[in-house]
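My structure is below; once you've seen it, I'll send some questions.
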Amino acid sequence: MSFQVVAAMFDKLGELSSYFLKGALKSLEDIQKLPDEDFAYRKQLHDCMGIALVALGPETSLSFLPLNVEAEDLSDANVWLFPILKQNIVGARLSFFNESMLNTVRVLKLRSVKHEQEGRIHSARNIDGLVYSLWSLLPSFCNYPLDTAESFKDLEKALCRSLREESDFRGVICSSLQILIRQNKRIVEGENELSGKDVSVCEQRAVSRYTSEVAASNLDVLRSSVHEILSTLSGIFIKSSKDDGGSLQRTIGEFASIADKGVVSRFFKSTMQKLLKVTEEAGKVQNTKGSSSMEIDNSSSETSLSLTSYRVRLYDLAVSLLPGLGTKEVDFLFVAIEIALKDAESSIQKKAYKVLSTILKHADGFITRKLEELLKLMFESKDESEQMKVDVIASFLTEIVLGLKEANKKTRNSAYEIIVQIGHACVDEEDKGGNKENLHNFFNMVAGGLAGETPHMISAAVKGIARLSYEFSDLVSTAFNVLPSTFLLLQRKNKEIVKANLGLLKVLVAKLQAEGLQTHMRGMVEALLSWQSSNKNHFKAKVKLLLEMLLLTNIRKTKERKHAANTEETKSRLSKATTSRLSRWNHTKIFSDFGDEETDDGNSEYMDMKTVSGRHSLLNSRKSSFRSKRAGKSLPEDACDPLDDEPLDLLDRQKTRSSLRSSEHLKRKLQSDDEPEIDDDGRLIILREDGRTLKLDDTEMRSLAGTNVSRKAEENDRVWLGVHRFRVL
């Protein structure tokens with residue numbers, strides 16, 4: 001609590017604290033020296049010291065409490081002050097940093113060199129750390145400084161020299177210059193940076209000195225330094241192999257935004273001339289040796305970089321000047337981009353797209369001026385609006401389809417979402433114009449990927465077909481037109497293609513209505529059996545499961561169709577054209593290898609076919625209305641679900657495990673029930689319902705079978721089917 005009281009006193013007194021609270025400042029320093037075990041409120045102490053520093057200013061504070069970094073014993077240095085200074089300097093003087101801090105930096109650097117020459121490497125590195133700590137205070141000194149107009153020119157020389165000679169300090173210097181420009185620009189534009197923030201009285205006092213006139217005068221001084229600073233920054237940027245965090249580029253952009261248009265234009269023309277020259281040289285190298293890694297003439301500093309990387313840096317430098325470029329310069333840069341997009345080097349193409357993206361974001365009016373050229377650049381041809389839409393889709397469809405194979409889940413989901421949205425856009429267009437071909441044309445464009453040369457492209461196209469078929473019921477019958485190709489692809493031994501095609505078949509089995517399923521069942525079963533018999537791998541189990549799904553789904557759908565034949569509501573449901581846009585899709589469960597789902601939720605299904613319209617999930621059909629008529633003793637399989645007379649859902653793990661537990665008892669019973677009892681004379685022993693025993697030889701059995709076959713056929717078939725259903729497990 002006492003620290004809060006002292007902090008409030010410093011805040012209210014401001015600069016007068018140097019007269020009234022000098023002793024309090026000394027007491028705070030003594031408390032800092034206490035060991036941690038004797039003092040538990042160090043954070044509160046540092047907060048109080050921060051308020052005192054803002055009130056007194058760094059010059060007065062450091063006169064009472066010096067950093068002492070020049071002491072022979074570095075343990076005597078007050079290094080604990082650095083983070084407090086860094087966070088709480090506002091409204092200081094740039095001249096103090098230039099005259100005091102940088103003088104200390106020069107002294108410490110000389111001492112570091114001396115220690116290194118004497119072999120005291122560890123001590124030299126500690127001194128280097130102090131040098132960096134002093135430089136790290138520069139951004140804070142650029143926080144609403146009092147003397148920008150008067151002192152920046154003197155500081156500019158030291159900054160440019162350090163930028164060229166000391167790469168370790170470039171990030172700090174660039175951040176400081178950006179702060180200076182941005183704060184003054186906001187003041188001139190009428191923005192109050194501190195509105196809504198909880199700031200101290202001293203901070204408000206420092207910012208209040210920044211009127212629009214003061215800020216405009218500061219910008220004039222900064223503008224007069226543009227040529228020197230841009231020359232320094234651009235030269236460093238071209239020569240450096242990297243720009244950590246983009247600090248150099250951002251600083252170039254900030255100075256370009258306040259510079260005279262003529263100055264920026266000259267820098268831009270110089271950059272583009274260099275780019276033109278190096279592009280011509282790269283073309284010669286490609287024509288002669290087919291390589292772009294040949295270096296330029298070693299006589300210039302730029303030639304240490306390869307042609308390709310040098311061109312990339314020049315493109316970056318040109319777009320960094322964008323805030324200060326006029327319409328003519330931006331259009332000229334676009335021409336250079338058009339050439340780069342067709343370059344043989346992929347890195348140049350990538351950079352051209354990035355530069356174009358920056359122009360589209362930040363160049364006002366560019367899209368309006370260059371819309372036709374942009375479309376021509378992207379689609380390579382101009383046509384009527386309908387044809388242009390086709391060109392738009394076709395231009396990017398390959399990349400979208402390939403995105404379905406991305407390992408990154410977010411990228412893959414985005415690709416699926418784009419394909420679905422394009423499909424819905426086609427449907428919406430059909431609803432407006434009455435044209436029913438758009439969706440099918442889009443489907444055919446995706447299916448065109450089946451003619452790809454690589455398994456990667458083929459499997460991606462199959463996945464696109466599966467996703468569209470899952471989303472749009474209208475396309476299910478169309479999807480079966482590609483089944484012959486799918487069957488042929490199953491004969492290939494490529495894992496990617498096989499997995500994708502099995503996933504497509506799974507979707508079609510789930511989506512197709514009973515009539516269509518019966519029409520195509522023979523071909524699907526024959527293709528699956530033919531493929532399975534010629535391959536010995538882990539897909540055999542998946543094919544077996546898919547066959548069971550196919551057969552059981554056909555049984556269920558046929559039964560449901562017969563049961564609901566006279567229901568108008570069901571007829572409407574069966575004839576619906578397209579699914580809801582909110583249908584859920586699970587790539588992993590549909591296209592996973594057999595057994596992969598073990599890594600997912602153990603109770604989940606292979607694929608979830610639920611939608612907001614209330615469709616049934618895959619093989620999760622409703623309870624049948626045809627209950628078993630059997631009374632009295634029930635069969636063992638009834639233990640799974642006594643109310644369910646439907647085929648067992650093989651994808652429901654809970655039911656499957658229950659069935660497996662009961663199957664042992666069933667197996668033992670079947671073995672005893674199925675195996676006929678024979679007497680010593682070879683006659684069949686039959687136990688009648690009245691408890692008497694009947695023995696039949698071969699002739700009697702054939703005679704009995706002939707008279708009873710019609711009466712027993714239905715009952716025997718029903719029992720056999722019930723037994724076989726569990727033997728599938």
Side-chain angles (χ1 to χ4, degrees), residues 10 15 25 28-29 32 46-71 74 76-112 125-148 150-152 154-163 165-184 199-200 202-203 206-207 210 218 222 244-245 247 251:
F10 274 108
E15 295 177 352
L25 192 63
L28 294 176
E29 179 187 10
Q32 168 64 27
H46 289 178
D47 291 341
C48 181
M49 286 292 297
I51 298 296
L53 194 149
V54 173
L56 294 170
E59 296 180 54
T60 304
S61 298
L62 292 176
S63 66
F64 293 146
L65 189 58
L67 290 170
N68 204 25
V69 292
E70 299 180 40
L74 294 182
D76 294 334
N78 291 319
V79 294
W80 59 275
L81 283 173
F82 278 114
I84 300 176
L85 288 166
K86 189 173 182 180
Q87 296 173 14
N88 294 282
I89 293 178
V90 58
R93 293 191 306 119
L94 293 178
S95 59
F96 177 73
F97 182 86
N98 187 28
E99 296 165 2
S100 178
M101 296 295 178
L102 292 187
N103 280 336
T104 304
V105 165
R106 284 188 282 270
V107 172
L108 291 177
K109 286 173 63 178
L110 292 174
R111 183 185 298 179
S112 175
R125 297 291 83 83
N126 288 337
I127 295 174
D128 291 341
L130 292 175
V131 171
Y132 186 84
S133 296
L134 288 169
W135 268 110
S136 67
L137 296 178
L138 178 59
S140 301
F141 274 90
C142 291
N143 186 21
Y144 294 103
L146 299 177
D147 59 344
T148 302
E150 297 80 15
S151 304
F152 182 77
D154 295 331
L155 181 62
E156 172 198 324
K157 299 176 182 178
L159 296 183
C160 290
R161 182 173 59 252
S162 295
L163 283 170
E165 299 174 0
E166 300 173 294
S167 60
D168 292 341
F169 307 137
R170 287 172 183 167
V172 171
I173 295 174
C174 287
S175 298
S176 305
L177 293 173
Q178 292 173 42
I179 291 172
L180 271 179
I181 295 174
R182 290 170 182 172
Q183 286 183 346
N184 284 282
V199 295
S200 67
C202 294
E203 287 179 294
V207 177
Y210 261 65
N218 293 341
L222 292 170
D244 293 334
S247 59
T251 308

Nearest atoms (heavy-atom pairs only) where A52 meets L25: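 Smallest heavy-atom distance, with atoms named: CB-CD1, 4.3 Å.
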Close side-chain approach of V105 and F169, heavy atoms under 4.5 Å: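 Side-chain contact under 4.5 Å: no.
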R106 versus R161, closest heavy-atom pair with distance: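 Nearest heavy atoms, R106 then R161: NH1-NH2, 4.2 Å.
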Residue pair F10 / L53, side-chain heavy-atom distance below 4.5 Å: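 Counting from C-beta outward, F10 and L53 never come under 4.5 Å.
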Under 3.5 Å donor-acceptor, T104 side chain and S100 backbone: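 Pair found, side chain donor or acceptor close to backbone of S100.
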Under 3.5 Å donor-acceptor, N98 side chain and S151 backbone: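 Flag not set: sc N98 to bb S151 has no pair under 3.5 Å.
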Nearest heavy-atom neighbours spanning L81 and P66: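 Residues L81 and P66, closest heavy atoms: CD1-O, 4.3 Å.
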Closest heavy-atom pair and its distance - C174, L163: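 Looking at all heavy atoms of both residues, the closest pair is SG-CD2, 4.4 Å.
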Residue pair N143 / I89, side-chain heavy-atom distance below 4.5 Å: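 SC-SC contact between N143 and I89 ruled out.
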Note, L62 side chain near M101 side chain (heavy atom, < 4.5 Å):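 Side chain of L62 against side chain of M101, heavy atoms only: contact under 4.5 Å found.
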F64 atom CZ, over 12 foreign heavy atoms within 6.0 Å: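 Enclosed: over 12 neighbouring heavy atoms sit under 6.0 Å from CZ of F64.
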Side chains of S112 and V131 in contact at under 4.5 Å (non-hydrogen atoms):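 No, side chains not in contact.
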Exam field: side chain N88 to backbone I84, donor-acceptor pair closer than 3.5 Å: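 Checking the backbone N and O of I84 against the side chain of N88, a donor-acceptor pair under 3.5 Å is found.
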Value rounded to 0.5 Å, distance of CG in D147 from CG in L94: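 CG of L94 is found 5.0 Å from CG of D147.
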Validation row: D128, D168 side chains within 4.5 angstrom (heavy atoms):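 They are not in side-chain contact.
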Mutual orientation of the aromatic rings belonging to F97 and F141 [parallel < 30°, tilted 30-60°, perpendicular > 60°]: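 Correct class here is tilted.
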Considering all heavy atoms, the nearest L134-L67 contact: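 Taking L134 first and L67 second, the nearest heavy atoms are CD2-CD1, 3.9 Å.
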Beyond-backbone contact of N218 with P145, side-chain heavy atoms, under 4.5 angstrom: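 No. Closest side-chain heavy atoms not under 4.5 Å.
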Rounded distance (nearest 0.5 Å) linking atom CG of L28 with atom NE2 of H46: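 The NE2 atom of H46 is 10.0 Å from CG of L28, to the nearest 0.5 Å.
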Residues which pass side chain to side chain contact (heavy atoms under 4.5 Å, CB included) with E59, listed by chain and number, not counting sequence neighbours: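 Result, side chain to side chain contact (heavy atoms under 4.5 Å, CB included) vs E59: R93, F96.
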Straight-line distance of I51 CD1 to L56 CG, nearest 0.5 Å: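 Going from the CD1 atom of I51 to the CG atom of L56 covers 11.5 Å.
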Side-chain (N78) to main-chain (N68) donor-acceptor, under 3.5 angstrom: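 No, because the side chain of N78 does not come within donor-acceptor range (under 3.5 Å) of the backbone of N68.
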Residue list, side chain to side chain contact (heavy atoms under 4.5 Å, CB included) with S162, at least two apart or on another chain: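 Once residues adjacent in sequence are excluded, the partners of S162 under the side chain to side chain contact (heavy atoms under 4.5 Å, CB included) criterion are W135, E166, I173.
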Nearest-0.5 Å distance, OG1 of residue T148 to CD of residue E150: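 So the gap between those two atoms works out to 8.0 Å.
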Inter-residue atom distance L138.CG - L102.CG, 0.5 Å rounding: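 Answer rounded to 0.5 Å: 8.0 Å.
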Distance in Å, I179 CD1 paired with S140 OG, rounded so as to fall on 0.5 Å steps: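 Output value for this atom pair is 7.5 Å.
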Heavy-atom pair with the smallest gap, counting every atom of P58 and A92: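 The answer is CG-CB, 3.6 Å.
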